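Have a look at the structure below, then the notes.
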Amino acid sequence: MAAATPVPAFSKDEVKVIFVLGGPGVGKGTQCANLVRDYNFVHLSAGDLLRAEQARDGSEFGELISTYIREGKIVPQEITIALLRNAMQDEVKKGRTKFLIDGFPRKMDQAVKFEEDVAESEFTLYFECSEEVMLHRLLKRGETSGRADDNIESIKKRFKTFVETSMPVIDYYGTQNKVITVPCEKTKEEVYDLLKEKISDRMSI
């Protein structure tokens, strides 16, 4: 007997999902905040959800997440996808149905599993930036962020991980005409103007 086709938690009529990808320090959080302000999206950062779970009293995954983040490795997808699904369900109950999923999927199997189990994406926003600029931004952020991974050793591991695992995701969605690339080396304001221009034809969502 053939295995049943997985049914995602949400149909395309129920939610609109945009994946947001780019190297560490590219400015995804800043631009997502602009989109939330102007277009009423819910911004879900995979990294923030993982850090919150890591810090939560009694979390069975806290130590595991901490180790993966410190090593610049990707946390097991089952954990990340469960946290995203739970967060989306909470927002949908409040009537909020447009989501920016920031920093995810970081691997091809994550993309496939999320779309099978949670929801199909509309498209992927890819924020493009040189490693030199990202490194400068992250070291500057590390002076005040208190984040364990804002140091040069972790940053270089994160760059390597991004190129090896996340770029194939962007390439895959690119073949489906589901990627909008936004160069990010100008000022925040200039980047946002360009972002709005590039997505204006899809902003009916």
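Values in this document were obtained by computation on a predicted structure and should not be read as measured data.
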**Message:** Does Val163 form a side chain to side chain contact (heavy atoms under 4.5 Å, CB included) with Glu131? I'd like the steps, not just the answer.
**Reply:** CA-CA 10 Å; Val163 170; Glu131 287 192 8; 4.0 Å; yes
**Prompt:** Checking Thr67 side chain against Glu63 main chain: does a donor-acceptor pair fall under 3.5 Å?
**Reply:** yes
**Prompt:** Is Ser121 reaching over with its side chain to a backbone N or O of Val17, donor-acceptor style, under 3.5 angstrom?
**Reply:** no
**Item:** Any side-chain heavy-atom pair of Val15 and Met88 under 4.5 Å
**Value:** yes
**Prompt:** Just wondering, are more than 12 heavy atoms of other shown residues or ligands nearer than 6.0 Å to NZ in Lys12?
**Reply:** yes
**Asked** Taking atom CG of Asn151 and atom NZ of Lys157, what is their separation to the nearest 0.5 Å?
**Response** 8.5 Å
**Message:** What's the separation between atom CG in Leu21 and atom CG in Asp102, rounded to the nearest 0.5 Å?
**Reply:** 8.5 Å
**Point-to-point distance, once rounded to the nearest 0.5 Å, from CE of Met108 to OG1 of Thr165** = 11.5 Å
**Asked** Would a 4.5 Å heavy-atom cut-off, applied to side chains only, mark Phe41 and Lys16 as touching?
**Response** no
**Request:** Looking only at non-hydrogen atoms, find the nearest pair between Leu49 and Leu83 and report the distance.
**Result:** O-CD1, 3.9 Å
**Asked** Between Leu135 and Ile152, is a side chain to side chain contact (heavy atoms under 4.5 Å, CB included) present by the stated rule, with each step listed?
**Response** CA-CA 8 Å; Leu135 179 62; Ile152 196 155; 4.2 Å; yes
**Message:** Is there a continuous path of hydrophobic side-chain contacts, each under 4.5 Å between heavy atoms, that joins Leu125 to Phe19?
**Reply:** no
**Asked** Can you list the steps and then say if Glu128 with Thr181 is a side-chain hydrogen bond (donor to acceptor under 3.5 Å, both in side chains)?
**Response** CA-CA 7 Å; Glu128 191 175 48; Thr181 301; 5.7 Å; no
**Asked** What are the two closest heavy atoms between Pro24 and Arg158, and how far apart are they?
**Response** CB-NH2, 3.3 Å
**Message:** Please check: side-chain N/O of Lys28 versus main-chain N/O of Phe127, any donor-acceptor pairing under 3.5 Å?
**Reply:** no
**Message:** Please tell me whether Leu84 and Tyr68 are part of a single hydrophobic cluster in this structure, the criterion being side-chain heavy atoms less than 4.5 Å apart.
**Reply:** yes
**Complete:** Nearest heavy-atom contact between Pro8 and Val118 is CB-O, 3.5 Å
**Gly103 to Ala46 - nearest heavy-atom pair and separation** = O-CB, 4.0 Å
**Message:** Test your reading of the model: is there a side-chain donor-acceptor pair from Lys98 to the backbone of Tyr39, 3.5 Å cut-off?
**Reply:** yes
**Prompt:** Taking atom CG of Asp90 and atom CZ of Arg96, what is their separation to the nearest 0.5 Å?
**Reply:** 11.5 Å
**Message:** Would you say NZ of Lys113 has more than 12 non-hydrogen atoms from neighbouring residues, nucleotides or ligands within 6.0 angstrom?
**Reply:** no
**Prompt:** Is there side-chain contact between Ile18 and Leu35, with at least one heavy-atom pair below 4.5 Å?
**Reply:** no
**Asked** Quick one: are Ile81 and Phe104 in side-chain contact, heavy atoms under 4.5 Å?
**Response** yes
**Asked** Out of curiosity, Ile155 CD1 to Arg137 CZ, how far, rounded to the nearest 0.5 Å?
**Response** 13.0 Å
**Request:** Establish whether Val133 and Leu139 are linked, either directly or via other cluster members, by ILVMFWY side-chain heavy-atom contacts under 4.5 Å.
**Result:** no
**Request:** Scan Thr175, Val169, Ile170, Asp171 and name whichever one has a side-chain contact (heavy atoms from CB on, under 4.5 Å) with Tyr173.
**Result:** Val169
**Exercise: identify the closest heavy-atom pair between Gly62 and Gln54** = O-CG, 3.6 Å
**Prompt:** Does the pair Thr30 and Val191 meet the rule for a side chain to side chain contact (heavy atoms under 4.5 Å, CB included), with working shown?
**Reply:** CA-CA 10 Å; Thr30 299; Val191 171; over 6 Å; no
**Asked** If Ile, Leu, Val, Met, Phe, Trp and Tyr residues are connected whenever their side-chain heavy atoms lie under 4.5 Å apart, and connections chain through other members, are Leu100 and Val26 in the same group?
**Response** yes
**Message:** Using the rule that Ile, Leu, Val, Met, Phe, Trp and Tyr join whenever any side-chain heavy atoms are under 4.5 Å apart, tell me whether Val92 and Phe114 fall into a single cluster.
**Reply:** yes
**Request:** Verify, without hydrogens or angle tests, whether Glu185 (side chain) and Ser130 (backbone) share a donor-acceptor contact under 3.5 angstrom.
**Result:** yes
**Request:** Could you tell me whether Lys140 atom NZ has more than 12 heavy atoms of other residues or ligands within 6.0 Å of it?
**Result:** no
**Request:** Could you tell me the separation between the CD atom of Gln176 and the CZ atom of Phe123, rounded to the nearest 0.5 Å?
**Result:** 14.0 Å
**Message:** Do Leu194 and Lys186 make a side-chain contact, defined as non-hydrogen atoms from C-beta onward lying under 4.5 Å apart?
**Reply:** no
**Request:** Test side chain to side chain contact (heavy atoms under 4.5 Å, CB included) on Val20 and Gln31 and set out the steps.
**Result:** CA-CA 10 Å; Val20 182; Gln31 298 306 334; over 6 Å; no
**Complete:** Smallest heavy-atom separation, Leu44 atom then Phe99 atom, equals CD1-CD2, 3.8 Å
For residues 70-80, run the donor-acceptor check on the side chains, cut-off 3.5 Å, and write out each pair with its distance to 0.1 Å, sequence neighbours left out.
from  : atom 1 : to     : atom 2 : distance (Å)
Arg70 : NH1    : Ser66  : OG     : 3.4
Gln77 : OE1    : Gln110 : N      : 3.3

